Amino acid sequence: MQDDFLIFKRQIAPWVKVDLDQYKPRQMERRIRSMMTRAKLDTLEAYYELLKADPNRLREFIDGLTINVSEFFRNPEKFEELEREVLPDLLSRFDRLRIWSAGCSSGAELTSVAIQLDRLEALDRAELIGTDIDRGILDRASDGLYLPYELKNLSDADLDRYFTPVEGRGIEAGSVRLRPEWRRRLTYKSQNLLEDPPLSSCHLILCRNVVIYFTQESKDKLYRAFYHTLEPGGILFIGGTERILDYRDMGFSQPRPFFYSKPLSGGTP
């Protein structure tokens, strides 16, 4: 099975534009086997032939490589710190902020930051961009549709100000849609974090719960790219279960847990 898996990765990589060697092999193999089971296929060769013949199945496979689990203000205590300490500090030092949600999923994280900036009366001073490899989830982010499980950390006041209820059945019952006047403040783009160039001149990057299946080498490469795209004094905000063990070697300082800062000197490590 292991040799077959290596062959499969080489065959499929040009189509999906994802280097599967940059993901932890056991987790990636487990995820691919799960997709094979749902397709009722027993061999990687048969699964490859299915993907080759059916564009819809190929799109499902690409979407299945990414984990689109998101919610508003995930780890609320860290978002409180972002609103209370980090954003005011950035706003005091920069006239305008460029904020990048890398691996944005449905856009709940980027919208959370937009809500905080609105509370700080600074939304007009920010450009907010979300990127993801999954075009399907980007379509939902652009549409501003949010499902009930994503809403648990939103107050009633937030729901009334920023969203309208959506009539729906099944999974969409109880969903909401971001109002058009707020949706226009957010931009979403397709991007492969492991292959495409990063955005430039950012002041705040959020990359949270995205890299858990990446190899250590791929994580380090990505974090170094984030360092170089941040403006001096900019901040990288990562997930509540993640750490950058060699952040000092990369050039970062760590002013608080899960927040990493590019020094104002902007030196290159």
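For clarity, every value in this text was computed on a predicted model and none was experimentally measured. The figures that follow rest on heavy atoms only: side chains count, while hydrogens, waters and symmetry mates do not.
Inspection of the Asp118 and Tyr162 side chains reveals an N or O donor paired with an N or O acceptor under 3.5 Å. Side chains of Gln254 and Ser261: no donor on one and acceptor on the other come within 3.5 Å. Under the 3.5 Å distance criterion, with hydrogens and angles disregarded, a donor-acceptor pair is assigned to the side chains of Ser34 and Arg38. Side-chain contact, Ser142 with Asp139: no donor N or O sits under 3.5 Å from an acceptor N or O. A donor and an acceptor atom, one from each side chain of Thr43 and Tyr48, are nowhere located under 3.5 Å apart.
Applying the salt bridge (charged side-chain N to carboxylate O under 4.0 Å, His left out) test to pairs two or more places apart or on separate chains, none has a residue in residues 235-247. Residue pairs meeting the side chain to side chain donor-acceptor pair (under 3.5 Å) criterion with at least one member in residues 199-208, sequence neighbours excluded, are Asn75-Arg208, Ser201-Glu231.
Of all the heavy atoms in Gln191 and Thr131, the pair that sits closest is OE1-OG1, 2.8 Å. The minimum heavy-atom distance linking Glu109 with Leu206 is given by the pair OE1-CB, 3.4 Å. Smallest separation of non-hydrogen atoms from Gln116 and Leu82: OE1-CD2, 3.2 Å. Among all heavy-atom pairs drawn from Ser105 and Ala141, the shortest one is O-CB, 3.9 Å. The two residues Ala102 and Val210 make their nearest non-hydrogen contact at O-CG2, 3.5 Å. When all heavy atoms of Ala114 and Leu128 are compared, the closest pair comes out as N-CD2, 4.0 Å.
Residue-environment remark: CG (Asp156) stays at or below the threshold of 12 foreign heavy atoms within 6.0 Å. The environment of Glu217 atom CD is sparse: at most 12 non-hydrogen atoms of other residues, nucleotides or ligands sit within 6.0 angstrom. With a 6.0 Å radius and a threshold of 12 heavy atoms from other residues, nucleotides or ligands, Glu181 has its CD atom above the threshold.
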Practice problem: Apply side chain to side chain contact (heavy atoms under 4.5 Å, CB included) to the pair Arg119 and Asp158, showing each step before the final yes or no. | Solution: CA-CA 10 Å; Arg119 292 172 186 162; Asp158 287 337; 2.8 Å; yes

Self-check item: Glu45/Phe8 under side chain to side chain contact (heavy atoms under 4.5 Å, CB included): CA gap, chis, key distance, verdict
Solution: CA-CA 7 Å; Glu45 182 179 1; Phe8 176 83; over 6 Å; no

Quiz item: For Arg185 and Asp124, what are the C-alpha separation, side-chain angles and deciding distance, and is it a side chain to side chain contact (heavy atoms under 4.5 Å, CB included)?
Solution: CA-CA 9 Å; Arg185 304 292 191 120; Asp124 288 336; 2.7 Å; yes

Quiz prompt | Chi angles and distances behind the side chain to side chain contact (heavy atoms under 4.5 Å, CB included) call for Glu150, Leu147 | solution = CA-CA 6 Å; Glu150 298 172 296; Leu147 305 179; 3.8 Å; yes

Quiz item: Taking it one step at a time, do Phe252 and Tyr223 satisfy ring-ring contact (aromatic ring centres under 6.0 Å, His included)?
Solution: CA-CA 10 Å; Phe252 286 110; Tyr223 289 142; 7.6 Å; no

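Atoms CG and CG, on Asp134 and Asn192 in that order, are 12.0 Å from each other to the nearest 0.5 Å. For the atom pair CG (Leu159) and CG (Leu151), the distance works out to 6.0 Å, reported to the nearest 0.5 Å. Note that the CD atom of Gln216 and the CG atom of Leu245 stand 6.5 Å from one another [nearest 0.5 Å]. Note that the CG atom of Leu204 and the OG atom of Ser101 stand 9.5 Å from one another [nearest 0.5 Å]. If you take CZ on Arg74 and NZ on Lys152, they are separated by 8.5 Å, rounding to the nearest 0.5 Å. Distance check, rounded to the nearest 0.5 Å: CG of Leu186 to CG of Leu110 gives 5.0 Å.
Trp182 and Phe163 have their aromatic ring centers separated by at least 6.0 angstrom. A ring-centre distance under 6.0 Å is found for Phe79 and Phe73.
Put simply, the side chain of Thr111 gets close to the backbone of Gly107: a donor and an acceptor are under 3.5 Å apart. Without hydrogens or angle criteria, Lys78 side chain to Pro257 main chain gives a donor-acceptor distance under 3.5 Å. With hydrogens and angles ignored, the 3.5 Å screen pairs a side-chain donor or acceptor of Arg93 with a backbone N or O of Gly233. With hydrogens and angles disregarded, a donor-acceptor distance shorter than 3.5 Å links the side chain of Tyr260 to the backbone of Ile244. Using modelled atom types, no side-chain atom of Arg125 and backbone atom of Arg96 make a donor-acceptor pair closer than 3.5 Å.
With Trp100 as reference, Phe226 is the one residue of Phe226, Tyr188, Phe237 to meet the ring-ring contact (aromatic ring centres under 6.0 Å, His included) rule. Among the candidates Ser106, Ser190, Cys104, the single residue satisfying the side chain to side chain contact (heavy atoms under 4.5 Å, CB included) test with Asp132 is Cys104.
Using a 4.5 Å heavy-atom cutoff, the side chains of Leu117 and Ile99 are in contact. For the pair Ser175/Pro148, a side-chain contact is recorded, criterion being any heavy-atom separation below 4.5 Å from C-beta on. Here the side chains of Arg98 and Ile129 are in contact, with some heavy-atom distance below 4.5 Å. Proximity of Arg33 to Glu29: side-chain heavy atoms (C-beta onward) are separated by under 4.5 Å at one or more points. Taking 4.5 Å as the limit, every side-chain heavy atom of Lys221 sits out of range of all side-chain heavy atoms of Leu194. Within the 4.5 Å cutoff, no side-chain heavy atoms of Leu222 are placed close to those of Lys219.
Taking the ring centre of Tyr227 as origin, the terminal cationic atom of Lys262 falls inside the region bounded by 6.0 Å and 45° from the ring axis.
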